[in-house]
Amino acid sequence: MYERILTDFDIRTILNSGQVFRIRPLLRDSGFSTAAGETFLAAAGSHAVLIRQKPEAEGRMRVSFSCTEEEFSDFWNGYFDLNRDYEAIRRSVDPGDSFLTSAVRCGRGIRILRQDLWETIISFLVSQNNNITRIRRSLEALCERYGEKIPVNAFPDSPSASLTDASVHAFPSPEAVLEGGPDGLEGLGLGYRDKYIFRMAQRCVGQEGREWLSLLRKSSYEDALALLLKEYGIGKKVADCICLFALHHVDAFPVDTHMKQILSAFYPEGFPFSRYEGYAGILQQYMFYYKLTQKRTS
């Protein structure tokens, strides 16, 4: 187990921010909510970890990870973008912008994750014209069908019998998806998106596919966007999500129905991108989360 005191980190806010679909809270009645805090399961690629958090004073969070310090340093620290100063980003917001100041206050704890590129492409292909519950269900079904089982270390006081390696699967490789054939995606709740998934698996498989993914990782935001928009099933919003959440181009600014409503209502003359050059995508997440929160409470 490895423990940190973190600021601007809240795993529940992150999982509800729309950028990731394989983090979930573990049931309270299974013994995972204790005096030490509430527990979540995060799966990413071939990694999985339990995360327990408990609020401390002054906006800090005591966060425990059920992995070694070495694994945390090698993977989870970067995955959660823990080296970036999000407090400075929140402080940079124009105090005269009432919507954005409310959004960064509401979304304190959000971080832009550094997710696996292949997994993110598939996740946001699945997300099109879909809701979060169905997206999560379809992705978990895909992982269970084609992903390998991966172990999860338990906390010393966790009910280990309630979580075994059989309950968590790695995200499947393009090769595994292709081996199942087009019919192998039936029954996963993908609907018309199944053909997008299969075509993307064909795109990413083998040496040519690895070179294409590598090129995307090395590309600027503009070049990566252009490459993605050439692919079957990928439009501007999905391409921007991939650039932001996998390639970590934090100037990418995905615009969906919620963001269109925000921009129309609060920024009719345009969002002030020049003021927030180089990190507008981070602010987009605060705005998006705030809109979702208002919708849930209205």
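The structure displayed is predicted, hence computed values, not measured ones.
- Arg108 places no side-chain N or O within donor-acceptor distance of the main-chain N or O of Glu87, the cut-off being under 3.5 Å.
- Residues meeting the salt bridge (charged side-chain N to carboxylate O under 4.0 Å, His left out) test with Arg22, sequence neighbours left out: Glu140.
- A cation-pi arrangement is found for Arg199 relative to Tyr232, the charged atom lying closer than 6.0 Å to the ring centre and inside a 45° cone about the ring normal.
- Pro156 and Met1 get closest at one heavy-atom pair: CD-SD, 4.3 Å.
- Val238 and Ile112 fall within the same hydrophobic cluster, defined by Ile, Leu, Val, Met, Phe, Trp and Tyr side-chain heavy atoms under 4.5 Å apart, directly or through other members.
- Interatomic distance, Leu216 CG to Leu213 CG, rounded to the nearest 0.5 Å: 6.5 Å.
- In this structure, Phe253 and Phe273 have perpendicular ring planes: the angle between them is above 60°, well past the 30° mark.
- Under a hydrophobic-cluster definition in which Ile, Leu, Val, Met, Phe, Trp and Tyr are linked whenever side-chain heavy atoms come within less than 4.5 Å, directly or via other members, Tyr290 and Leu283 are assigned to the same cluster.
- Taking the six-membered ring where the residue is Trp, Phe72 and Tyr2 present tilted rings, their angle falling between 30° and 60°.
- The backbone N or O of Gly184 sits less than 3.5 Å from a side-chain atom of Arg145, completing a donor-acceptor pair.
- Taking CZ of Phe75 as the reference point, atom CZ of Phe65 lies at 11.5 Å (rounded to 0.5 Å).
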In sequence, state the C-alpha distance, the side-chain angles, and the governing distance for Phe171 and Tyr146, and then conclude on ring pair (Phe, Tyr, Trp, His ring centres under 6.0 Å). CA-CA 8 Å; Phe171 199 85; Tyr146 292 119; over 10 Å; no
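- Under the 4.0 Å criterion applied to side-chain N and carboxylate O atoms, Arg111 and Asp10 are not assigned as salt-bridge partners.
- Heavy-atom contacts from other residues, nucleotides or ligands closer than 6.0 Å to CD of Glu56 number more than 12.
- Cation-pi geometry between Arg52 and Phe155 is met: under 6.0 angstrom from the ring centre, within 45 degrees of the axis.
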